[in-house]
Amino acid sequence: MVNKKKEIIEAIKKYPTIIIHRHVNPDPDALGSQIGLQRLLKHSFPSKEVFVVGDEVDRLLFIGEMDVITDNQYKGALVIVCDTANISRISDPRHELGDMLIKIDHHPEYELFGDISWADPTYSSTCEMLVELSMEFHEDFTLNKETAKALYAGILSDTGNFMNGNITPRTLKMVSHLRTYRFQPERIHNFLNLKTKNSSRLQKDILMSYKVTNKGVAYFIITEDLFNMYGVDRVEASNLINTLSSVRGNKIWAFFIEYPKEIRVRIRSRNIPIDSVARQFNGGGHSLASGATIHSWEEVDQVIQALDQVCP
Ligand code: AMP
């Protein structure tokens, strides 16, 4: 691994232009690692041009905003893709236009891509990997407060506010290091965790009417009508996924969210691996936090049955 990290540093040093991508429908770890890395590189190598590209989510604009760049700017550039396991999920297909491609990711590596790939699911988050990189190579990299904020947001979110089993002594060491930069963590907690009134009302509806199988697979279907009824958008509604985690007996919980051309499935589990089920339905992710895409309401039953089957 040290060699991989060294290769990454050497590539970063070599290229004057670096363009950073991450996955579609970004979460705080995708954005935090992308924007955190941009700030880290800009601060450490002021003469380099470092850009971030991809789709934006209003709720997460507090982490940072995307750049608008031309195809021409990819000529001779280094492209780094953060937090993305599959090529098909990279936001902005222009990652192919660069001179060299590097992947930095904490998902299990089922799909190899990139000239250099540092993929390691033992990290809680891609942000944790970047903090470690900056600490190990502190002669090349200088962290600052703005970088620390972005990286903290990613770790906070991917560890479920430090409640998930993916926290290791290393995670806490990285957080402890970030905390020396004197940002206000409560502001980041508030941005990520405070809900609107409408969203809280939908949460009540979810708790009142979700279904659960005999095996303990809890699920809730969020249709377009429901968003409209409560006046929330899809992302806000999707973020309520862990509402079902607080109920004793719910071993696995899933949301089915209606999009114009597909149904997104978000699956979470306390300790039963569910990523194999996600992969059966064009998805993937982590052992206890996965996602998938289906195309008909009939498939909802199939997903529930498959989840039932992995329940002991
Ligand atoms: P989410 O429920 O969207 O937060 O996703 C949980 C995890 O599963 C994240 O690590 C995602 O990157 C991954 N994931 C979600 N949807 C898909 C998909 N359709 N294909 C592959 N991985 C996915």
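Computation of the quantities below employed the complete heavy-atom set of this structure, encompassing side-chain atoms and omitting hydrogens, waters and symmetry-equivalent molecules. The structure displayed is predicted, hence computed values, not measured ones. Counting starts at 1 for both ligands and their atoms, in listed order. Residues take their numbers from the sequence shown, with the count starting at 1.
At a 4.0 Å heavy-atom cut-off, the residues surrounding ligand 1 are Asn86, Arg89, His107, Arg266, Arg268, Asn282, Gly283, Gly284, Gly285, His286, Ala289, Ser290, Gly291, Ala292, Thr293, listed by chain and number.
Asp115 contributes a side-chain N or O that, together with a main-chain N or O of Leu101, makes up a donor-acceptor pair within less than 3.5 Å. Judged purely by atom type and a 3.5 angstrom limit, Glu56 uses its side chain to pair as donor or acceptor with the backbone of Met66.
Comment: Lys173 does not engage Glu132 in a salt bridge, judged by the lack of any side-chain N to carboxylate O separation of less than 4.0 angstrom.
Closest of all the heavy-atom pairs between Ala278 and Gly291 is CB-O, 3.5 Å.
In this structure Phe220 satisfies the ring pair (Phe, Tyr, Trp, His ring centres under 6.0 Å) test with no other residue, sequence neighbours excluded.
For the pair Arg264 and Phe255, the NZ or CZ position fails the cation-pi test of under 6.0 Å to the six-membered ring centre and within 45 degrees of the ring normal.
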